[in-house]
Every structure is written in C-alpha cells, then in structure tokens.
Amino acid sequence: MCAILNIKVKILNKEEVAPDIYLMKLKAPEIVQGALPGQFIHIKCSKDNYPLLRRPLSIHRIDKEKGEICILFQVVGEGTKLLANRTAGDNLDILGPIGNSFNIYPESKKIMIVGGGIGVAPLLALCEESTRQGKEVRVLIGALKKELVIGEENIRKSGAKVDVATDDGSYKYKGLVTDLLEGSIREGWLADQIFACGPKFMMRKIVEISLDAHIDCQVSLEERMACGIGACLGCVCKIKTKDKKEDKVKYKYKRVCVDGPVFKGSEVVWDD
Amino acid sequence: MCAILNIKVKILNKEEVAPDIYLMKLKAPEIVQGALPGQFIHIKCSKDNYPLLRRPLSIHRIDKEKGEICILFQVVGEGTKLLANRTAGDNLDILGPIGNSFNIYPESKKIMIVGGGIGVAPLLALCEESTRQGKEVRVLIGALKKELVIGEENIRKSGAKVDVATDDGSYKYKGLVTDLLEGSIREGWLADQIFACGPKFMMRKIVEISLDAHIDCQVSLEERMACGIGACLGCVCKIKTKDKKEDKVKYKYKRVCVDGPVFKGSEVVWDD
Amino acid sequence: MIDKTCLKAEIAGIKLKNPVMTASGTFGYGQEYAPFVDLNRLGAIILKGITLKPKRGNPPPRVIETPSGMLNAIGLQNVGVEVLIKEKLPYFKKFNTPVIINISGDTIEEYLELTRRLGEVSKEMGVAGLEVNISCPNVKKGGMAWGTDAKATYEIVSSIRKVTALPLIVKLTPNVTDIKIIAQAAEEAGADALSLINTLMGMVVDIDSRRPKLANVSGGLSGPAVKPVALWMVWQVFQTVNIPIIGIGGMIKVEDALEFIIAGARAIEIGTANFVNPRVTIEIIEGIEKYLIENNIKDITKLVGSMKI
Amino acid sequence: MIDKTCLKAEIAGIKLKNPVMTASGTFGYGQEYAPFVDLNRLGAIILKGITLKPKRGNPPPRVIETPSGMLNAIGLQNVGVEVLIKEKLPYFKKFNTPVIINISGDTIEEYLELTRRLGEVSKEMGVAGLEVNISCPNVKKGGMAWGTDAKATYEIVSSIRKVTALPLIVKLTPNVTDIKIIAQAAEEAGADALSLINTLMGMVVDIDSRRPKLANVSGGLSGPAVKPVALWMVWQVFQTVNIPIIGIGGMIKVEDALEFIIAGARAIEIGTANFVNPRVTIEIIEGIEKYLIENNIKDITKLVGSMKI
Ligand SMILES: Cc1cc2nc3c(=O)[nH]c(=O)nc-3n(C[C@H](O)[C@H](O)[C@H](O)COP(=O)(O)OP(=O)(O)OC[C@H]3O[C@@H](n4cnc5c(N)ncnc54)[C@H](O)[C@@H]3O)c2cc1C
Ligand SMILES: Cc1cc2nc3c(=O)[nH]c(=O)nc-3n(C[C@H](O)[C@H](O)[C@H](O)COP(=O)(O)OP(=O)(O)OC[C@H]3O[C@@H](n4cnc5c(N)ncnc54)[C@H](O)[C@@H]3O)c2cc1C
Ligand SMILES: Cc1cc2nc3c(=O)[nH]c(=O)nc-3n(C[C@H](O)[C@H](O)[C@H](O)COP(=O)(O)O)c2cc1C
Ligand SMILES: Cc1cc2nc3c(=O)[nH]c(=O)nc-3n(C[C@H](O)[C@H](O)[C@H](O)COP(=O)(O)O)c2cc1C
Ligand code: FES
Ligand code: FES
C-alpha cells in the first residue's frame with residue numbers, strides 16, 4: 001500500500017454511460033502507480049464547502065501507462081449530483097489511493113467476480129488485474145434492468161467470461177445474480193476465490209454460498225465516511241474476533257476506509 | 001408599484017465589464033413592464049441552498065421593448081461569485097421588482113445623478129428614464145481607478161453629460177466625486193434634484209452638500225437583507241421622525257427593501 | 001396505492017387543514033407573502049411576535065448569513081397589539097386559515113394584559129390561539145429568561161392560563177441544558193401545545209473592524225444548520241409530554257418536514273426557508289401529501305411520532 | 001508594514017509555536033495525518049479521547065452529514081490508555097510539538113486513575129497536558145453529565161486537580177443553559193484553561209425506514225453549522241474567567257480562526273475541517289501569520305479578545 005496523497009487531478013472526460021450513471025476519467029499519474037484494484041479515492045465533489053464532506057468512490061479502472069484512473073458512479077444525492085456536473089478540464093480535489101485492495105492469491109487459478117448494481121465499479125480494475133496475472137476469470141453482473149447493466153463490454157474485452165442477470169429479465173437471465181453463482185457452482189465451475197461488491201443482501205448471500213462451497217470469498221463493504229483516512233472511526237463495520245474468552249460479543253469494529261474496504265466474507269458480521 | 005413576482009428568468013448574456021464586475025442581461029418580460037429605476041431584484045445565486053439567502057441587486061437597465069433587464073454587480077463574496085459563474089442559458093430564480101424607486105418630480109428640469117463605485121448600478125436606468133422625460137441630466141461617476149469606472153459610455157449615450165473622478169487620478173479628475181458635485185454647484189449648475197448611490201460616506205457627504213445648496217436629494221441605501229419583501233424586518237435603516245413629543249430618540253426603523261431602497265437624503269439618520 | 005390521504009391536524013383545539021404553519025417573525029403579518037402563497041392553503045399562520053406597546057427593535061445590521069443558516073437580532077420590532085388589531089388582523093377576514101398570535105412581554109403583567117386584550121377581540125378578529133414566546137434571545141428583558149428556567153416557565157404559563165381560554169401554545173428555547181424539564185413545566189402549567197425550537201444564540205465577528213457583525217452583538221441562529229438540534233429536541237420532548245408538539249427549525253424541503261413529523265411533531269412551522277423560497281410552505285404541503293399517498297398512509301396522524309429506534 | 005510577527009501562545013503553561021491545535025477525535029492518533037501535515041508545524045496535537053480500558057464504541061452508522069455540518073456518534077472507541085502509551089505515544093518522540101491527551105471516563109475514579117497513569121509516564125512519553133472531556137454526548141454513562149452541571153464540574157475537576165500537576169484543560173459542552181456558570185466552576189476547581197465547544201446534540205431521521213440515521217439515535221453536531229454558537233460561547237466565557245480559552249467549533253478557513261481569536265480564544269482547535277481538507281491546520285497557521293503582518297500586529301496576543309462592542 002502506498003501513501004495516501006491529497007492532490008488535484010484533472011478531469012479528462014465525463015460520460016453518462018447509463019441513466020444517472022457516470023464514467024469519469026482522471027489524469028492522476030501521482031497515484032496511478034501505487035493504485036490497486038479495490039481501493040478508492042475520497043473526493044471533494046464541489047468547489048466550495050457544500051456539501052461539507054468528501055465522497056468515497058472506488059477506482060474503476062487503472063491505466064498505469066497513461067497515468068489515468070476512472071471512476072464510475074451513480075447519482076444518488078447531492079454530492080454525486082455535483083460531481084456529475086463537473087466538466088472535462090476541471091480540477092478535482094481527491095485523497096487517494098485508499099484502502100487495502102482485493103487480495104488475489106498467487107496460487108489461485110480460477111477467479112469468480114460478482115457485481116450487483118453500481119457495485120461493479122471496483123470490479124473492472126480487479127478483473128483486468130486478474131486476467132493480466134493469467135487467471136481464468138468469470139464475471140457475473142446483476143442489475144435491475146437492461147439499461148443499468150454496466151461494464152459488460154469492458155469486462156469481456158479484458159478477457160473474462162461474463163454473464164448477466166436482470167431482476168426484470170429485460171436482459172439475459174431473469175433473476176438474481178446469486179442464482180447465476182449457484183448455477184455455476186452446481187455446474188462444477190469451482191473458483192479458487194470469489195470477489196463480490198454490491199448491495200448488502202447480495203454480498204451476504206454470496207458469502208453464504210461461498211462458505212457452503214468452501215470457496216474463499218472477499219467482499220468490498222460500504223459505510224458512511226468522514227475522514228476517509230482512518231482517523232475519525234466513523235466508518236466502522238463489525239468483524240468477527242477470534243474467540244477470546246473475555247470477549248462476550250465476539251466482534252470488533254474495523255474501519256472500512258483503511259482496514260477495508262475489502263474484508264474476508266467469512267469474517268463479516270451482518271446484522272440488521 | 002406592481003406586485004412582486006417570484007419567477008425564473010433566463011440569463012441571456014454575461015460579460016465581465018471591469019475587473020470582477022459583471023453585466024448580466026436577463027429575459028424578464030413579466031416584470032419589465034412594471035419595473036422602475038431604483039428598484040432591485042432579489043436573487044438566488046446558486047442552484048442549491050448554499051449560500052442560503054438571496055442577494056439583492058439593483059436593476060441596472062430596463063428595456064421594456066425587448067422585455068429585458070440588466071444587472072451590474074461586483075464579486076465581493078460567495079453569492080456574487082456563484083452568480084458570476086452562472087452562464088447564458090441558465091435560469092435564475094428571482095423575486096422582483098422590489099422597492100419604491102427614485103422619484104423624479106414632474107416639475108424638475110435639471111437632474112444631477114452621482115454614483116460611487118458599484119453604486120452606479122441603479123443609476124443607468126434612472127438616467128435613461130430622466131432623459132426620456134426630457135430632463136437635462138448630468139452624471140458624476142466616482143471610482144477608485146480607471147479600470148473601475150463603469151457605465152460611462154452607456155450613460156453618455158442616453159444623452160446625459162458625464163464627468164468622472166478617480167481616487168488615484170488615473171482617469172479624468174483626481175479626487176472625490178463629491179468634489180465634482182461641489183464644483184458644479186459653485187459653477188452655478190443648480191439641479192432641481194440630486195440622486196445618489198454609492199458608499200455610505202459618499203452619500204452622507206452628498207446629502208450635506210444638497211442641504212447646503214437647498215437641493216432636494218434622494219439616496220439609495222443598502223442593508224443586509226433576508227426576505228427582501230418586507231416580512232422579516234432585517235434590513236432596517238434609521239429614518240427621522242417628525243418631532244413627536246413622546247419620541248425621545250426621534251427616529252424610527254424603516255425597511256430598506258420595501259420602504260426604500262430610496263429615501264430622502266434629509267430624512268436619513270447616519271450613524272457610526 | 002391509495003389515491004387520497006388526510007392531512008388534517010388538531011393542535012390545542014385548533015383545527016388545521018394540514019400541519020404546515022408559518023413561523024413567527026418569518027412571515028411578517030401575513031400579507032407580505034400573499035403575492036406568492038394562497039394563504040387559504042396554509043395549516044395556520046403565525047404572525048410576527050407582538051407586544052403590548054409598539055417596539056422599535058434593535059439597530060442594524062440585524063441579520064447576517066452563516067453556513068447554512070442565519071443570525072437575526074430583530075429585537076421584536078412590531079406595531080404593538082392595538083395596531084395589530086386595527087390594521088393587521090382585519091386582513092385575514094377573507095381567509096379561512098387560523099391565525100395564531102405570537103406574544104412577548106418584558107413582565108408577566110405585560111403578557112397578561114396582552115393575553116386579555118387578544119382574548120377580548122378573539123372572536124371578532126378571528127384569533128385562533130396564542131403562541132407564547134418565552135424564548136426570544138434578542139431582547140434585553142423578559143424573553144428567553146422565562147424559557148430557560150422551569151419554575152419561571154411554570155409561573156408565566158400558569159398565569160397566562162388563568163386569564164384566557166384561548167388555545168395556548170408555549171414556544172420553547174433550545175438554549176437550555178434539558179428541554180424536557182421546561183416542556184414538562186409548561187405542560188403542567190396548562191399549555192395546550194408546545195412549539196420548538198426558537199433560535200440558538202450565536203455570534204459572528206467582522207475580522208476587519210474587529211466588531212460583532214450584528215449591532216446587537218449576539219443573534220438567534222436559524223435555518224438548515226440547526227435542523228439536527230431541533231429534531232433531537234422534538235424527539236426528546238415527544239417522549240416526555242402528552243400535549244401536541246409543533247416542530248420548528250431549519251426545514252427547507254419536504255423531507256425535512258417529514259423528519260419532524262416522524263420524530264413526533266403533530267404540526268410544523270416553516271421559518272427561514274420562506275426567505276429563500278417564498279412558496280416553500282405550499283411545496284411542503286404538496287410534498288407531504290405525495291409522501292403519504294406513495295407510502296399508503298391514509299391519515300397523517302399515523303405518521304406522527306412513528307419513529308422506531 | 002511589519003515583516004515578521006509572533007504567533008507564540010502559552011496555554012496552561014504549555015508553550016505553543018502557534019495557536020493552532022487539532023481537536024480530539026478528528027485527528028486520530030496523529031499519525032493518520034502525517035502524510036498531509038508536517039506535525040512539527042502544529043501548535044499542539046490533541047489525540048482521540050482515551051479511556052482507562054479500550055472502548056468498542058457505538059454500532060454504525062456513526063456519522064452522517066447535515067447542512068454545513070455532521071453528526072457523529074463514535075462512542076469514544078479507543079485503544080485504552082495502556083496501548084496509547086505503548087503504541088501511540090512513542091511515535092511523537094521525533095516531533096517537537098506538544099501532545100495533549102483528551103481523557104474520558106464513566107466514573108470519577110476512572111478519570112483519576114487515567115490521570116495518575118498519564119502523570120506517571122508524562123515525562124518519559126512527552127505528555128504535555130490533559131484535556132478533560134466532560135462533554136461527550138455519545139456515551140451512556142459519565143460524559144456530558146459532568147459538564148452540564150456546575151457542581152459536578154467542580155467536583156470532577158477539583159478531584160483531578162488534586163492528583164496531577166499536569167496542565168489541565170477542561171473541555172466544555174455547549175448543551176447547557178449558561179456556559180458561564182460551568183466555566184466558572186471549572187476555573188474555581190483549578191482548571192488551567194478551558195476549551196469549548198464540544199458538539200451540540202442532534203439527530204437525523206431516515207424518512208424511508210422511519211428510523212434515526214445514526215444507530216445511536218443522537219449524535220454530536222460539528223462543522224461550520226455550529227460556528228456562530230461556538231463563537232458566542234467563547235465570547236461569553238472570555239468575559240467570565242481569567243484562565244485562557246481554547247476556541248473550538250466549525251472553523252474551516254483562516255477567517256473563522258481569526259473570529260475566535262478576536263472573541264477571546266488564545267488558541268484554537270480544528271476539528272471537522274480536517275476531514276474536508278487534511279492540510280487545513282497548516283493553511284490556517286499561514287493565514288493567521290499573513291493577517292497579523294498585513295494588519296501590523298507584532299504579537300498575536302494583541303489580537304486575543306480584541307473585540308470591541
Ligand atoms: C469505499 C466505498 C466505495 C464506493 N464506491 C462507489 C463507486 O465506485 N460508485 C458509486 O456510485 N458509489 C460508490 N460508493 C457509494 C458512494 O460513496 C455514495 O453513493 C455517495 O457517497 C453518496 O453521496 P451523495 O452526496 O450523492 O448522497 P447522499 O446525499 O450523501 O446520500 C444519498 C443516499 O446514498 C446513500 N449513501 C450515502 N453515502 C454512502 C456511503 N458512504 N456508503 C453507502 N451509502 C451511502 C444513503 O443511503 C443516502 O440515502 C462507495 C462507497 C464507499 C464507502
Ligand atoms: C437594495 C440593494 C441593491 C444592491 N444593488 C447592487 C448592485 O446593483 N450591484 C452590486 O454589485 N451590489 C449591489 N448590492 C450589494 C449586494 O447585495 C452585495 O454585494 C451582495 O449581497 C454580496 O453578497 P456576497 O454573497 O457576494 O457577499 P457576502 O459574502 O454576503 O458579503 C461580502 C461582503 O459584502 C458586503 N455585503 C453583503 N451583503 C450586503 C448588503 N446586502 N448590503 C451591503 N453590503 C453587503 C459585506 O460588507 C460583506 O463583507 C445591493 C444591495 C442592496 C441592499
Ligand atoms: C428574522 C426572524 C425573526 C423572528 N422573530 C420571531 C418572533 O418574533 N417570535 C418568535 O417566537 N420567534 C421568532 N423567530 C424564530 C422563528 O419563529 C423560528 O422559531 C426559528 O427561526 C427556527 O425556525 P427556522 O430555522 O425554520 O427559521 C424569528 C426568526 C427569524 C429568522
Ligand atoms: C468524529 C468526531 C469525533 C470526536 N471525538 C471526540 C473525542 O473523542 N473527545 C472530545 O473531547 N471531542 C471529540 N469530538 C469533538 C471535537 O473535538 C470538537 O469539539 C467538535 O467537533 C467541534 O469542533 P469542529 O466543529 O471543528 O469539528 C469529536 C468530533 C468528531 C467530529
Ligand atoms: S472514514 Fe474516518 S476512519 Fe474511516
Ligand atoms: S429584507 Fe426582510 S424586511 Fe427587508
């Protein structure tokens with residue numbers, strides 16, 4: 001992990017790739033060399049102090065040669081709305097790269113990557129890195145409907161096999177992306193590692209599936225953040241602790257920003 | 001005075017006419033017919049609620065034929081900065097027209113108009129209306145330095161005689177615009193009415209001069225505003241009261257927004 | 001999905017078409033907003049705080065913007081109760097919206113005389129109720145002093161209660177250690193409803209002149225900045241008293257109003273937001289209706305205090 | 001125009017290069033901000049609030065943005081004093097910036113034990129002083145209860161005073177009716193300095209789930225939204241006590257810091273703004289220096305409390 005920098009990066013390009021979903025390319029040679037799949041950047045969306053806090057967005061793509069990174073984000077509130085209004089040529093104040101990144105084991109041969117909704121954002125970088133390392137990669141994408149399926153083409157270009165599930169059946173398989181995962185396992189395609197990012201209920205289900213199938217699984221979590229660099233303790237999630245006698249509750253709080261955002265699926269305590 | 005409207009108007013044009021001073025043309029047929037020189041509009045500078053309050057800006061020019069009004073403003077803080085960043089084609093949420101306007105007496109023949117700094121903003125409309133009514137109009141413009149002299153050309157085009165004073169002497173007379181006023185009175189050009197807008201100390205001095213010369217004088221005041229429509233009582237200024245016995249302090253608070261912004265110079269209590 | 005919902009509320013016996021009222025001091029004497037708002041559509045109108053005699057108010061500057069808020073130190077400038085009765089109240093005859101008078105005084109006697117006077121004319125002039133301001137931070141005497149002490153609150157509210165049968169809303173200040181105690185005192189003293197919050201004390205300094213930006217030195221903070229504080233206090237008081245609560249503080253969009261209702265406010269008052277968007281009250285009424293319909297809630301009373309913790 | 005100015009300040013006997021410190025809980029254990037800030041340039045570093053035993057803290061969500069502010073309900077998650085001493089404090093050996101420890105406890109005994117323990121190691125580990133947090137709104141026991149009552153404040157501060165010679169800064173809560181009384185109690189009890197404000201209590205409601213957005217229900221409001229409230233309290237306390245005041249609350253640019261100094265703060269703490277701009281402390285130090293030079297002020301102490309009213 002390289003040091004977190006606070007820099008101004010130039011917006012090279014902005015594109016609405018799906019309704020309310022934007023792809024933005026940033027010139028960031030200072031951070032691109034150290035950036036790893038699964039890490040994120042913490043962005044000041046506006047030029048003044050409103051909204052006040054930064055917004056965390058995953059690194060969608062890492063182009064070391066050109067010194068560029070991409071982000072892929074959905075407009076859900078004020079911060080992302082203002083970000084979507086920024087234009088090519090603008091400077092963006094970011095902190096990054098932040099977080100621990102997905103851990104691809106050298107010995108893994110087959111990699112399964114599952115993304116739900118905007119959760120595919122960090123997965124393209126992961127997919128490209130995995131194929132670069134010569135792994136056999138399959139990607140499952142879940143979305144509400146056809147227009148919201150994002151990243152399929154780029155993921156396929158990277159050399160991975162892609163399958164898609166839509167809730168309403170408007171594109172490819174009708175149903176949940178977790179059905180596809182279960183299907184592929186049933187068919188006997190057993191990955192050495194599963195990586196997942198998406199809605200909580202989806203990740204929880206994937207962790208269950210992976211535990212049943214005895215496949216190592218890593219998930220990328222989200223939590224509301226303030227500092228983004230490990231100082232405020234605002235972004236914690238519950239992580240199981242090794243059965244210490246004194247510890248009645250058997251979990252401790254870990255920071256999603258710097259202890260994560262990627263955690264072992266088996267360690268996450270899912271409540272509510 | 002016509003009713004105050006809350007409307008969205010289109011920005012037709014924006015131009016930086018002097019360093020940090022912008023001229024903006026707005027399509028506002030709904031309010032242009034009733035608008036009078038000296039009135040202002042109360043503007044939501046940003047698209048969100050930051051900064052929170054509207055900002056009052058004088059109507060600089062009224063073009064009834066085209067249904068357009070202009071504003072002329074100086075960037076001094078967050079609100080005006082955001083306004084300066086708005087672009088042609090944008091919609092602007094405004095309240096207006098607001099205030100009592102300058103009162104040109106039918107019997108007046110000679111009109112003297114004095115503006116200091118950005119205080120010239122409401123005076124072009126006044127000047128154009130005065131010449132339209134066939135008055136003989138002289139205008140004195142004061143500014144810190146040459147680049148900050150604004151409106152001279154348009155005022156001259158309207159048919160008025162213009163003189164300029166700059167503090168540093170970089171353009172025309174070196175000194176205060178009030179020197180020019182005193183000079184013209186000494187030379188015997190006695191106006192029937194003096195209208196003034198600018199920094200407090202300038203208006204105060206002009207009122208003194210006008211009282212000495214027994215010339216009727218109207219000044220346009222500024223005060224921080226919240227509602228801009230007479231409801232909050234936030235924008236008051238001290239106005240002399242007719243010597244009522246019970247009233248020891250001999251002034252009352254009047255609202256700049258709807259009781260003004262134009263007041264008789266002789267009625268204003270200038271303190272601090 | 002349902003296609004109709006009921007927005008009606010009853011506060012202190014006052015029947016409201018909907019729960020959206022205007023906060024005292026931010027809606028003038030009503031008429032100022034008539035160009036923008038059909039006053040008939042409002043739940044109730046609360047007028048600028050009134051005193052027995054006219055009040056000049058504080059010197060300017062009286063208002064200053066702060067991050068997502070504003071400070072005001074109007075100092076209760078108002079026309080006095082007699083001019084109110086003669087010149088301001090008649091205007092409302094043509095509307096069927098309840099008009100509530102926000103009252104202030106330097107002494108208990110002044111509150112009482114004001115209450116009696118408004119009681120006398122209430123039928124004729126259509127005074128629906130009184131909102132007792134014991135929380136104004138911008139006047140030297142009286143004002144907030146009543147609202148920061150439970151005993152003083154009890155004393156003034158029970159005194160007023162004795163001289164009037166008018167619906168009595170007591171408006172609380174947030175500048176206290178424990179608003180629950182004050183709320184309880186007001187309830188025990190006979191308040192029919194509570195409204196909260198008034199403004200938080202604040203100050204801004206001009207670093208060039210090294211003087212306070214407000215001539216009055218301090219002012220009252222209002223606007224979105226204070227919303228979280230107001231919500232917390234409404235929720236606290238909701239768990240404490242049995243009389244209805246009117247939520248106030250920083251609402252500028254329908255979501256804000258819904259937060260207050262869910263936290264226990266049977267009605268709400270919109271203040272500073274009127275300055276930003278003069279039609280905000282109507283937009284919030286329409287937004288509440290839409291939310292109720294979309295969420296299949298047939299009656300807004302079902303939403304009041306529905307927060308689960 | 002002068003070309004040099006003196007930024008030095010002394011608080012509770014602690015010598016500061018400049019008046020800019022980091023507010024507890026917003027600067028972690030210091031190290032987190034080292035990539036962005038030369039820690040040697042800071043006036044002082046105040047670490048995340050520490051307790052005798054490690055504390056797990058509250059469940060998430062713990063933070064939520066509000067208009068120009070944020071609510072937090074961290075619940076004092078911290079490593080406990082022993083890990084602090086062993087793993088966190090050694091890091092500061094290479095810096096010459098005073099490190100102040102913010103302490104909390106459930107009981108007086110815990111505060112005392114913590115104080116004694118830190119006193120024992122203070123020389124060796126470079127503990128410059130203690131900031132006693134009697135104002136945390138996010139813990140069930142202790143916390144703010146001490147800071148909302150003058151007697152309790154006196155009791156806890158005088159008890160701590162008896163067991164330590166370390167510089168003692170008492171951190172006050174704004175959630176009180178009259179902060180002057182609390183400030184006086186702390187002064188009388190032997191505090192060397194006061195810091196204010198901690199956060200204001202607040203809440204945000206999720207209108208979809210109809211639950212509070214914070215798992216802890218309430219949280220502490222900080223950020224620019226609270227600045228006017230903090231300034232007013234600093235000014236109030238400045239007129240009341242004779243010990244130095246450290247201003248805290250909502251500062252995000254140099255003008256804000258200057259407002260606090262003019263209103264009476266001998267030093268300031270920057271909190272939430274660190275999250276927005278990790279270099280904000282340095283920018284504020286540089287900005288203060290520039291202001292002093294431009295205004296021909298040779299020594300910052302001349303500016304402290306220079307407000308004319
Ligand atoms: C490590 C990390 C990586 C992320 N990567 C991406 C990404 O690549 N693309 C993308 O579109 N989004 C990503 N998110 C989520 C993104 O940060 C939020 O959508 C964004 O902060 C919302 O800001 P806003 O101002 O637009 O919305 P707000 O007005 O702040 O909130 C709108 C809604 O969004 C949700 N939300 C807000 N903040 C968060 C948060 N931190 N975590 C989860 N939900 C939140 C809430 O439910 C809220 O109701 C990531 C979050 C984290 C923690
Ligand atoms: C009736 C009226 C008409 C006006 N017409 C014009 C005009 O035509 N052109 C123009 O450039 N300006 C005009 N002004 C002044 C203009 O409203 C302020 O400059 C503007 O509101 C500043 O907003 P801001 O957010 O940029 O600055 P802020 O950040 O709010 O303040 C920056 C500085 O501007 C000054 N200021 C702010 N608001 C006011 C105010 N309401 N009155 C006086 N000073 C203020 C303060 O000294 C402050 O330090 C007018 C003011 C009034 C009351
Ligand atoms: C300019 C102004 C004047 C006010 N005058 C009064 C008043 O006369 N009486 C009163 O009880 N409250 C008064 N208030 C307080 C408001 O009624 C309200 O309680 C407060 O502003 C919080 O609500 P808001 O954030 O929606 O503005 C005033 C507020 C403002 C901003
Ligand atoms: C995330 C967070 C954690 C905090 N933790 C502590 C703490 O442990 N001890 C303490 O005394 N104050 C704590 N505070 C309060 C701050 O030190 C400060 O008093 C407050 O945030 C106001 O300053 P600001 O507006 O500059 O943030 C915390 C504040 C925040 C935002
Ligand atoms: S966001 Fe501050 S610790 Fe993670
Ligand atoms: S700005 Fe509200 S009365 Fe003038």
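Throughout, a chain's letter reflects where its sequence line sits, starting with A, and its residues are numbered from 1.
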Bottom line for A:N6: the part with an atom under 4.5 Å from chain D's heavy atoms is both

Cut-off 4.5 Å, heavy atoms of chain D, and the answer for A:L95 is side chain

Heavy-atom pair of closest approach, residues [X] and [Y]:
X: A:R224; Y: D:V63; result: CD-O, 3.3 Å
X: D:P278; Y: A:R54; result: CD-NH2, 3.9 Å
X: A:Y253; Y: D:P59; result: OH-CA, 3.0 Å

Is the number of heavy atoms from other residues, nucleotides or ligands under 6.0 Å of [X] [atom1] greater than 12?
X: D:K53; atom1: NZ; result: no
X: D:K253; atom1: NZ; result: yes
X: A:K240; atom1: NZ; result: yes

Taking D:R62 for the side chain and A:L233 for the main chain, is one N or O donor matched with an acceptor at less than 3.5 Å?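 Between the backbone of A:L233 and the side chain of D:R62 there is a qualifying donor-acceptor contact (under 3.5 Å).
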
Could you tell me whether the side chain of [Y] reaches within less than 4.5 Å of the side chain of [X], counting heavy atoms only?
X: A:V236; Y: D:I74; value: no
X: A:K252; Y: D:Q77; value: no
X: A:Y251; Y: D:R56; value: yes
X: A:Y50; Y: D:P224; value: no

Fill in: Among the listed options D:T272, D:N78, D:V276, the residue most often paired with chain A at heavy-atom distances under 4.5 Å
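That would be D:V276.
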
* To do: Against chain A, work out which of D:P67, D:S68, D:P35 has the most heavy-atom pairs shorter than 4.5 Å and name it.
  =>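 Highest number of pairs under 4.5 Å: D:S68.
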
Applying a strict 4.5 Å limit to non-hydrogen atoms, the region of D:F36 in contact with chain A is side chain

Heavy-atom proximity to chain A below 4.5 Å, by part of D:T66: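 For D:T66, no heavy atom lies under 4.5 Å from chain A.
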
When rounded to the nearest 0.5 Å, the distance separating CG of D:N277 from CG of A:D93 is 7.0 Å

message = Can you tell me how far apart SG (A:C232) and CE (D:M70) are? Round to the nearest 0.5 Å.
response =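 A:C232 SG to D:M70 CE: 6.0 Å, rounded to 0.5 Å.
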
Checked A:G79, A:A226, A:C235, A:G230 vs chain D; the most non-hydrogen pairs under 4.5 Å come from A:A226

